[in-house]
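A quick write-up on the structure given underneath.
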Amino acid sequence: QVQLVESGGGLVQAGGSLRLSCAASGGFASVRAMAWFRQAPGKEREFVAAITLRPGYKYYADSVRGRFAVSKGNAEKAVFLQMNSLKPEDTAVYFCAASPYDLGYDFPSQYEYWGRGTQVTVSS
């Protein structure tokens, strides 16, 4: 069982930056990729970014490419999301997820483990 805990959310003005962290614990041997999803009120959960643990390929949603950067810690049990040039439409609860699969990184159904989320609010 893998446990994921997100941190780093908060309130920021448009154009500002935040860095989200996801700390993982538990049986991590089966995890192949980790990702960030977000969900705004009344909307579906959507893919933001993903990173494979080995060798570290990165994938981004079109809406965040060039503004957000996903990375992993040296011990691989931590994943980060650096968010720059934030926009009000980035406001959502951000979730960390872990997947045992090597494909379909942008599909929530591919992820077996989820954190509880951290709120990001961007004011205009």
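Predicted model, so just to flag it, every value in this text is computed and none were measured.
- Ala33 and Tyr111 make their closest contact through O-CE2, 4.3 Å (heavy atoms, listed as atom of the first residue, atom of the second, distance).
- Here Thr52 contributes atom OG1 and Tyr59 contributes atom OH; the two are 6.0 Å apart, rounded to the nearest 0.5 Å.
- Remark: Arg116 fails to qualify as a cation-pi partner of Phe95 under the 6.0 Å distance and 45° angle criteria applied to the six-membered ring.
- Of the possible polar contacts, one joining the Arg67 side chain to the Ser85 backbone as a donor-acceptor pair under 3.5 Å is found.
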Before giving the answer on side chain to side chain contact (heavy atoms under 4.5 Å, CB included), spell out for Ser17 and Gln82 the whole-Å C-alpha distance, their side-chain angles and the decisive distance to 0.1 Å.
CA-CA 7 Å; Ser17 299; Gln82 178 66 43; 3.9 Å; yes
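- Connection of Ile51 to Tyr94 is established within a shared hydrophobic cluster, with ILVMFWY side chains joined at heavy-atom distances below 4.5 Å, either directly or through further cluster members.
- A salt bridge does not link Lys87 with Asp90: none of the charged nitrogens is closer than 4.0 Å to a carboxylate oxygen.
- Of the possible polar contacts, one joining the Glu6 side chain to the Cys96 backbone as a donor-acceptor pair under 3.5 Å is found.
- The OH atom of Tyr113 lies 5.5 Å from the CD atom of Gln1; values are rounded to the nearest 0.5 Å.
- In the hydrophobic cluster analysis, where Ile, Leu, Val, Met, Phe, Trp and Tyr join through side-chain heavy atoms closer than 4.5 angstrom, Met83 is grouped apart from Phe47.
- Scanning both residues, Met34 and Val79, for their nearest heavy atoms gives SD-CG2, 3.3 Å.
- Note: the hydrophobic cluster containing Val48 also contains Val31 (ILVMFWY, side chain heavy atoms under 4.5 Å, direct or indirect links).
- Judged by distance alone, with hydrogens and angles left aside, the side-chain atoms of Thr91 form no donor-acceptor pair with the main-chain N or O of Thr121 at under 3.5 Å.
- Here the shortest heavy-atom pairing between Trp114 and Pro108 reads CZ2-O, 3.6 Å.
- Summarising the geometry of Leu53 relative to Lys72, their closest heavy-atom pair is O-CE, 3.1 Å, with the distance given to 0.1 Å.
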For the pair Tyr57 and Tyr105, evaluate ring pair (Phe, Tyr, Trp, His ring centres under 6.0 Å) and give the outcome as yes or no after the intermediate values.
CA-CA 11 Å; Tyr57 294 133; Tyr105 302 119; 8.9 Å; no
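- The cationic group of Arg32 does not satisfy the cation-pi geometry with Tyr101, failing either the under 6.0 Å distance to the six-membered ring centre or the 45° limit from the ring axis.
- Shortest non-hydrogen contact noted between Ala78 and Phe80 is CB-CZ, 3.8 Å.
- Annotation: side chain of Leu20 is in contact with side chain of Val120 (closest heavy-atom distance under 4.5 Å).
- With hydrogens and angles ignored, the 3.5 Å screen pairs a side-chain donor or acceptor of Tyr60 with a backbone N or O of Val70.
- The minimum heavy-atom distance between Arg38 and Ser63, with the atom names listed, is NH2-OG, 3.6 Å.
- The backbone N or O of Gln110 sits less than 3.5 Å from a side-chain atom of Ser99, completing a donor-acceptor pair.
- By the 4.5 Å heavy-atom criterion applied to side chains, Glu112 and Pro100 are counted as neighbours.
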Step by step, work out the side chain to side chain contact (heavy atoms under 4.5 Å, CB included) result for Leu81 and Phe68.
CA-CA 7 Å; Leu81 185 68; Phe68 291 11; 4.2 Å; yes
